[in-house]
Amino acid sequence: MGEGGFNTGFVEIRTLEGDKFLKNIRINEAVKTRRFYTLVNGLYVREMKPKESVYNIYYSAGKEGVLNRVSGEQMVWIHEKKWFVLVKVKDLEMSDKLVIYGNKWGRIDRIEKVETLNRYFYKPDLKKNTSYYIDNVCVFG
């Protein structure tokens with residue numbers, strides 16, 4: 001659980017009840033995974049590591065979207081040729097296609113390194129280490 005996460009609790013996570021801010025997630029709430037739902041143990045909070053980078057990833061998928069304040073260490077799913085591949089945010093390239101909710105993909109328009117305003121990162125602590133959706137983008141762990 002030590003790597004990745006989001007530098008704000010105000011990213012939206014997809015739940016059975018609809019999108020909610022990560023900071024408002026409750027124990028035993030059902031979170032949408034790539035295929036099903038899984039339950040939440042709680043909210044994992046960790047301190048930022050030295051020299052850890054934070055990014056906003058802008059993409060187009062029929063409409064524009066943004067993956068907000070994500071750690072460079074966070075793993076995301078991309079669509080590469082006929083396969084789905086996990087990549088760290090800091091290793092994303094402009095030609096990559098993010099896996100988006102609804103079996104879609106979104107072409108990256110811009111990768112913006114941002115200043116860190118918060119020294120903490122947040123992630124859902126899921127009962128099963130799996131992929132889930134934050135800001136409509138499929139992330140892992």
Side-chain angles (χ1 to χ4, degrees), residues 1-49 51-141:
M1 262 266 165
E3 292 192 347
F6 300 85
N7 194 233
T8 178
F10 290 99
V11 289
E12 291 186 335
I13 186 165
R14 178 82 27 124
T15 73
L16 186 61
E17 299 170 354
D19 290 346
K20 291 187 174 187
F21 287 133
L22 183 57
K23 71 179 194 75
N24 295 334
I25 204 77
R26 297 182 322 267
I27 293 173
N28 289 326
E29 191 156 12
V31 170
K32 178 72 174 113
T33 67
R34 275 186 65 200
R35 291 183 176 83
F36 304 105
Y37 287 87
T38 193
L39 298 178
V40 173
N41 285 327
L43 184 62
Y44 177 72
V45 181
R46 69 169 177 86
E47 280 197 69
M48 183 175 194
K49 296 177 183 170
K51 299 186 181 181
E52 187 169 1
S53 300
V54 178
Y55 298 87
N56 286 337
I57 309 297
Y58 298 87
Y59 64 89
S60 298
K63 63 179 185 173
E64 293 179 350
V66 61
L67 181 60
N68 281 302
R69 305 201 59 77
V70 59
S71 166
E73 301 299 317
Q74 178 64 50
M75 301 293 284
V76 297
W77 285 100
I78 63 170
H79 185 259
E80 190 173 274
K81 298 181 182 166
K82 294 182 180 184
W83 305 102
F84 295 105
V85 180
L86 277 172
V87 176
K88 284 187 177 184
V89 165
K90 68 182 180 182
D91 297 326
L92 287 172
E93 298 177 2
M94 294 292 288
S95 59
D96 289 334
K97 300 175 209 165
L98 297 169
V99 175
I100 306 298
Y101 182 74
N103 293 321
K104 298 177 185 175
W105 56 266
R107 184 174 308 280
I108 294 176
D109 296 327
R110 186 175 60 172
I111 300 170
E112 174 184 57
K113 193 171 183 179
V114 296
E115 286 190 40
T116 308
L117 301 175
N118 184 347
R119 63 180 215 182
Y120 295 100
F121 281 88
Y122 306 88
K123 286 175 79 165
D125 179 9
L126 303 177
K127 294 197 184 271
K128 189 166 96 173
N129 195 20
T130 188
S131 300
Y132 56 94
Y133 292 92
I134 293 270
D135 287 340
N136 280 329
V137 176
C138 193
V139 301
F140 182 78

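Note that the numbering runs from 1 along the sequence shown for the chain.
Side-chain contact between L92 and Y55: absent, with no pair of heavy atoms (C-beta onward) separated by less than 4.5 Å. With a 4.5 Å cut-off on side-chain heavy atoms, M94 and I111 count as touching. Within the 4.5 Å cutoff, the side chain of L67 has no heavy atoms near those of the Q74 side chain.
Rounded to the nearest 0.5 Å, atoms CZ (R107) and OH (Y59) are 14.5 Å apart. Here the CG-CG distance, from L126 to L39, works out to 9.0 Å after rounding to the nearest 0.5 Å. For the atom pair CD1 (I108) and CG (D96), the distance works out to 5.0 Å, reported to the nearest 0.5 Å. Rounding to the nearest 0.5 Å places NZ of K104 at 14.5 Å from SG of C138. In this structure, the separation between CG on N41 and CD1 on I25 is 11.5 Å, given to the nearest 0.5 Å. In this structure, the separation between CD1 on I134 and CZ on F21 is 11.5 Å, given to the nearest 0.5 Å.
S71 and E52 share a side-chain donor-acceptor pair at under 3.5 Å.
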Expected list for residues 26-33: side-chain donor-acceptor pairs under 3.5 angstrom, two or more places apart:
residue : atom : partner : partner atom : Å
N28     : OD1  : K127    : NZ           : 3.4
E29     : OE1  : R26     : N            : 3.0
E29     : OE2  : K20     : NZ           : 2.5
T33     : OG1  : R35     : N            : 3.4
T33     : OG1  : F36     : N            : 2.9
T33     : OG1  : F36     : O            : 3.0

Under 3.5 Å, which donor-acceptor pairs do the side chains of residues 4-13 form with other protein atoms, sequence neighbours left out?
residue : atom : partner : partner atom : Å
N7      : OD1  : R69     : NH2          : 2.8
N7      : ND2  : N118    : O            : 2.6
N7      : ND2  : Y120    : O            : 3.0
T8      : OG1  : F10     : N            : 3.0

Below 3.5 Å, can you tabulate the donor-acceptor pairs from side chains in residues 75-82 to any protein atom, sequence neighbours excluded?
residue : atom : partner : partner atom : Å
W77     : NE1  : S131    : OG           : 2.5
H79     : NE2  : K81     : O            : 3.3

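The list of salt bridge (Lys or Arg N to Asp or Glu O under 4.0 Å) pairs with a residue in residues 111-120, not counting sequence neighbours, reads E47-R119. Sequence neighbours left out, the pairs with a member in residues 121-141 that pass ring pair (Phe, Tyr, Trp, His ring centres under 6.0 Å) are Y101-Y133. For residues 83-95, the set of pairs meeting the side-chain hydrogen bond (donor to acceptor under 3.5 Å, both in side chains) definition, not counting sequence neighbours, comprises E73-K88, E73-K90.
Contact between A61 and I100 at its shortest, heavy atoms only, is CB-CG1, 4.2 Å.
By the salt bridge (charged side-chain N to carboxylate O under 4.0 Å, His left out) test, R14 pairs with D19, sequence neighbours left out.
A distance-only check finds no donor-acceptor pair linking the side chain of S60 to the backbone of K63 [under 3.5 Å].
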Given V40 and D125, is the side chain to side chain contact (heavy atoms under 4.5 Å, CB included) satisfied, shown in steps? CA-CA 6 Å; V40 173; D125 179 9; 5.6 Å; no

